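First up is the structure itself, then whatever we jot down about it.
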There are 2 protein chains.
Amino acid sequence: MTDQKLRTILQEHGLKATYQRMAVLEYLVTHKTHPTAEMIHEDLSNISLATVYNTLDKLIETGLIIAIDIHDDGKRHFDYYGEPHYHVINQQTSEIIDADNFDMAPLFEAARKASGLTITGYHIEVYGVKSENP
Amino acid sequence: MTDQKLRTILQEHGLKATYQRMAVLEYLVTHKTHPTAEMIHEDLSNISLATVYNTLDKLIETGLIIAIDIHDDGKRHFDYYGEPHYHVINQQTSEIIDADNFDMAPLFEAARKASGLTITGYHIEVYGVKSENP
DNA sequence: CCCCCTTATTAGAACTATTCTAATATATAT
DNA sequence: ATATATATTAGAATAGTTCTAATAAGGGGG
Ligand SMILES: [Mn+2]
Ligand SMILES: [Mn+2]
Ligand SMILES: [Zn+2]
Ligand SMILES: [Zn+2]
């Protein structure tokens, strides 16, 4: 993804386009893993850990990324959320699989009915184990 | 809920029925809030915080309860999960509303197709804000 | 292009939710 | 009742995250 595109995304979301923010955003856009702050900091070796955390907070506020808490390792994982999707988590391996093959509109409508709120988004994790008879 | 019932639930899930576990389980069954470990510890004043954490871990392993991470306060919240349900979270107040008016079977099927796993459960949080024109 | 001012970055310290330790107590099967 | 594996506990330790306050840099207006 080009620097100009990253700059535009950040500015359209009301964020100053700093070198550090472009790097963190590009990292999340281009990695299919769901890294922790520490992993991002290790890979982007000239950006401080505090800035990684600050940037992740800003990107979450804009909705560009989400945080996923894997209770397995006590660390927060981050995920580019340009296209909303849900996660299937293998309980045996902690592998996180991205999936978007389900229309959440009916769930939104149910949630609106149940709460009276205007629904703005969702975080869905479905858990599974390796099939016995594949 | 009677002591004998709590004892039975714990033993049926392979856990020794200690006084402390019965108290924590009863606390979660009878409270509609989604408390943190510290809240439980404060209310059950003769049970150590370590035991509250140990018990919560055991109850999660059995599936009797789940943990919910509210990124608002950095603390893990716990929830009796005797009947699976999903949560609608008010982003303005952090209020957590329980809801079960949606059949998750189609989502399970989609998740199975996407991952090849046998689905065992889900954690769903839907976010919303107060409606403008109620 | 150049200020200016607001906002961002940084290293390191601080915080605190959670986990660990290892000594004591208890549940449950026999 | 006894034995034994398991649970509880206080307090220490850990580590992920947040805070501090000094420095740097973005970007709008001139
Ligand atoms: Mn991703
Ligand atoms: Mn509940
Ligand atoms: Zn994802
Ligand atoms: Zn609930």
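Just so it is clear, the structure is predicted and the values come from calculations on it, not from any experiment. Naming convention: chains lettered A, B, ... in sequence-line order (proteins, then strands); numbering from 1 in each chain.
- Aromatic rings of B/Tyr122 and B/Tyr86 (six-membered ring for Trp) have centroids beyond the 6.0 Å cut-off, not under it.
- Proximity of the aromatic rings of A/His87 and A/His34 is defined here by a centroid distance below 6.0 angstrom, and this criterion is met.
- With a 4.5 Å cut-off on side-chain heavy atoms, B/Gln11 and B/Arg7 count as touching.
- Following rounding to the nearest Å, B/Ile40 (CD1) and C/dA17 (P) show an atom-to-atom distance of 14 Å.
- Within residues 41-58 of chain A, the residues having any heavy atom under 4.0 Å from DNA chain C are, by residue number, A/Asn46, A/Ile47, A/Ser48, A/Ala50, A/Thr51, A/Asn54.
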Problem - Intermediate values then yes/no, ring-ring contact (aromatic ring centres under 6.0 Å, His included), A/Tyr127 and B/His123 - result: CA-CA 8 Å; A/Tyr127 295 89; B/His123 289 185; 4.9 Å; yes
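- Near-neighbour residues of DNA chain C inside residues 10-18 of chain A, defined by a heavy atom below 4.0 Å, number-ordered: A/Lys16, A/Thr18.
- For A/Ala23, the side chain to side chain contact (heavy atoms under 4.5 Å, CB included) partners at least two apart in sequence or on another chain are A/Leu44, A/Ile47.
- Between B/Arg76 atom CZ and C/dT18 atom P the separation is 6 Å, expressed in whole Å.
- Pairing each heavy atom of B/Tyr27 with each of B/Met39, the nearest pair is OH-O, 4.1 Å.
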Problem - side chain to side chain donor-acceptor pair (under 3.5 Å) between A/Asp79 and A/His85, worked out - result: CA-CA 10 Å; A/Asp79 189 15; A/His85 56 275; 2.9 Å; yes
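- Under the rule for a side chain to side chain contact (heavy atoms under 4.5 Å, CB included), A/Asp57 has no partner lying at least two apart in sequence or in another chain.
- Along DNA chain D, read 5' to 3', the first and last nucleotides having any atom under 4.0 Å from a heavy atom of chain B are D/dA5 to D/dA10.
- A search for side chain to side chain contact (heavy atoms under 4.5 Å, CB included) contacts involving B/Gln92 returns B/Asn90, B/Val129, B/Lys130, not counting sequence neighbours.
- Contact of the A/Leu107 side chain with the A/Met104 side chain is registered, since non-hydrogen atoms from C-beta on lie closer than 4.5 Å.
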